[in-house]
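Working notes, beginning with the structure itself.
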Amino acid sequence: MSSSVIDFIATEARFGAHNYEPIGVVLSRGEGVWVWDTEGNRYLDCLSAYSAVSQGHCHPKILAAMVEQAHRLTLTSRAFHNDQLALFYEEIAALTGSHKVLPMNSGAEAVESAIKAVRKWGYEVKGVPDGAAEIIVCANNFHGRTLGIVGFSTDPETRTHFGPFAPGFRIIPFGDAAALQDAITPNTVAFLVEPIQGEAGVIIPPAGYFTEVRQLCTANNVMLVLDEIQTGLGRTGKLLAEQHEGIEADVTLLGKALSGGFYPVSAVLSNNDVLGTLRPGQHGSTFGGNPLACAVARAAMRVLVEEGMIENAATQGARFLKGLKDIRANTIREVRGRGLMLAVELHPEAGRARRYCEALQGKGILAKDTHEQTIRIAPPLVITSDQVDWALERLATTLTQDFS
Ligand SMILES: *Cc1c(COP(=O)(O)O)cnc(C)c1O
């Protein structure tokens, strides 16, 4: 590494809170599936900023929409109307088949907002006694980093020494419909769940799980809240991951790729009167629904559909998954994925996944380990067959190495 790269890393370490442990690469440019470091080395981005840059880095049409809007009007606050919000509402509702939209910024804010809204719905519509609302969540969930959310995480790193936490959450195993049935009480207002657990290591529930979940929620008047912040907007080869299950959530959370990585934009979408319980003054955000965010999100949704990225995620995802399954390496314990949300889980004896990610960096691929043994692979949805094959070749040589 050159001295300037070491300077960037050292300066970050000196002044920054050490709440991340980045791989030793300093990026300065991106285009499509590629990113370049400060020394001009090119890498295939197999993380896509945790699926926020699904449309590819610096997508020209999203960029143009952002620049155009930034010249005209960026922020009005919701104290006034702006000429982008209505169009954003109309387009996201049409795309997802939702009736109501609440615009926010980060993913965690969308989750927090949904928790507030389903509790309010529980008290005002379902008739739960005030203060008694329960929300069911899953073990190994990841819904963000705010205090409310980490309070119902099961990951000790995420929770330790951040309490006390808010009550009102029950934790059940993921993929176990009987556990949901047992956990539901008359005070249950919602079941909050990821269609595929992303940060947990791309954990896909058993077939039929969500059909049963949908039936249980409907039968017990419990709102099904699907956190599609990572799985949504084409990542799994369908617009929403719920479509693989043939179900519809009552509340859907989107973020990440909703802006194509240009700007934090998230949204709570609801198919019923959940968001209808919110009245003026009861919830808000200075930046939520601002014209710049709306213009960026509108362009991000448009290119996703117009440029066939969702279909491409299905096609290339299948090619990538098959290629990974064909790699004969005794380091590999399991390969799994849906669309371009893929993971390679290593045997414990193979050594830490981090070492493999560092080796991949040397071969021009940036991927991220999760939970010691898993390499997650999630390139932008614009990846081509040639690029998938290029990545597979390098993955095959890296995974047959032994870093134990
Ligand atoms: C990333 C993520 C979040 C949190 O989004 P932020 O924008 O980082 O707050 C919530 N839920 C899921 C499933 C995620 O992957």
Side-chain angles (χ1 to χ4, degrees), residues 17 19-20 22 46-54 102-118 135 137-155 157-159 162 169 171 174-175 190-205 210 224-236 238-242 244-245 249 251-269 285 287-288 290 293 296-297 300 337-343 368-371 374 376-378 380-381:
N19 57 329
Y20 278 91
C46 279
L47 181 64
S48 308
Y50 302 93
S51 296
V53 285
S54 284
L102 173 68
M104 298 299 287
N105 310 284
S106 69
E109 279 181 302
V111 174
E112 291 275 351
S113 304
I115 290 170
K116 288 172 71 176
V118 293
I135 294 171
V137 299
C138 286
N140 304 316
N141 68 70
F142 183 85
H143 297 290
R145 298 291 196 168
T146 57
L147 210 42
I149 293 169
V150 300
F152 58 81
S153 169
T154 57
D155 176 9
E157 271 212 306
T158 301
R159 291 169 53 85
F162 293 124
F169 298 94
I171 299 164
F174 181 64
F191 178 42
L192 167 64
V193 63
E194 299 155 84
I196 295 172
Q197 288 190 322
E199 298 312 293
V202 187
I203 309 299
I204 302 171
F210 274 103
L224 174 56
V225 183
L226 285 185
D227 181 346
E228 296 241 23
I229 290 167
Q230 190 163 147
T231 55
L233 298 169
R235 174 54 56 189
T236 68
K238 299 229 187 246
L239 177 75
L240 298 174
E242 69 174 18
H244 292 287
E245 316 288 343
V251 179
T252 300
L253 310 178
L254 293 179
K256 293 201 165 117
L258 189 50
S259 69
F262 278 83
Y263 193 91
V265 185
S266 67
V268 181
L269 308 171
S285 160
F287 279 83
N290 75 71
V296 166
R338 192 164 279 167
L340 283 168
M341 188 168 179
L342 302 152
K368 174 75 173 75
D369 52 303
T370 180
H371 292 269
T374 304
R376 153 224 324 255
I377 299 167
L381 310 186

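Indexing begins at 1, ligand by ligand and atom by atom, following the structure's order. Throughout, numbering of the chain's residues begins at 1 and tracks the sequence. All values below were derived from every heavy atom in this structure, side-chain atoms included, with hydrogens, water molecules and symmetry-related copies excluded.
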What distance do Asn140 atom CG and Gln197 atom CD have between them, rounded to the nearest 0.5 Å? 5.5 Å
CD of Gln230 to OG of Ser54: how many Å apart, nearest 0.5 Å?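 The distance works out to 9.0 Å.
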How far is atom 2 (C) of ligand 1 from the closest protein heavy atom, and which atom is that? Lys256 NZ, 2.5 Å
Counting only N and O atoms by type, is there a donor-acceptor contact under 3.5 Å from the side chain of [X] to the main-chain atoms of [Y]?
{"X": "Glu112", "Y": "Leu147", "result": "no"}
{"X": "Asp227", "Y": "Val111", "result": "no"}
{"X": "Arg159", "Y": "Gly151", "result": "yes"}

Under 4.0 Å from atom 9 (O) of ligand 1, do we find at least one protein heavy atom? yes
Residues Arg145, Glu199: salt bridge by 4.0 Å N-O rule: no
Check this for me: does any side-chain nitrogen of one of Arg235 and Glu228 sit under 4.0 Å from a carboxylate oxygen of the other?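 Looking at Glu228 together with Arg235, the answer is no, because their closest N to O distance does not fall below 4.0 Å.
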Hey, is ligand 1 close enough to [X] that some N/O pair sits below 3.5 Å?
{"X": "Gly144", "value": "no"}
{"X": "Gly107", "value": "yes"}
{"X": "Glu109", "value": "no"}
{"X": "Glu199", "value": "no"}
{"X": "Gln230", "value": "yes"}

Distance under 4.0 Å to a non-hydrogen atom of [X]: what atoms of ligand 1 satisfy this?
{"X": "Ala108", "result": "4 (C), 5 (O), 6 (P), 9 (O)"}
{"X": "Phe142", "result": "1 (C), 2 (C), 3 (C), 11 (N), 12 (C), 13 (C), 14 (C)"}
{"X": "Asp227", "result": "10 (C), 11 (N), 12 (C), 13 (C)"}
{"X": "Ile229", "result": "2 (C), 3 (C), 10 (C), 11 (N), 12 (C), 14 (C)"}

Got Phe152 and Ile135 here, is their nearest side-chain heavy-atom distance under 4.5 Å? no
Examine ligand 1 and decide if any of its atoms is less than 4.0 Å from a heavy atom belonging to Tyr50.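 For ligand 1, residue contact (heavy atoms, under 4.0 Å) with Tyr50 is absent.
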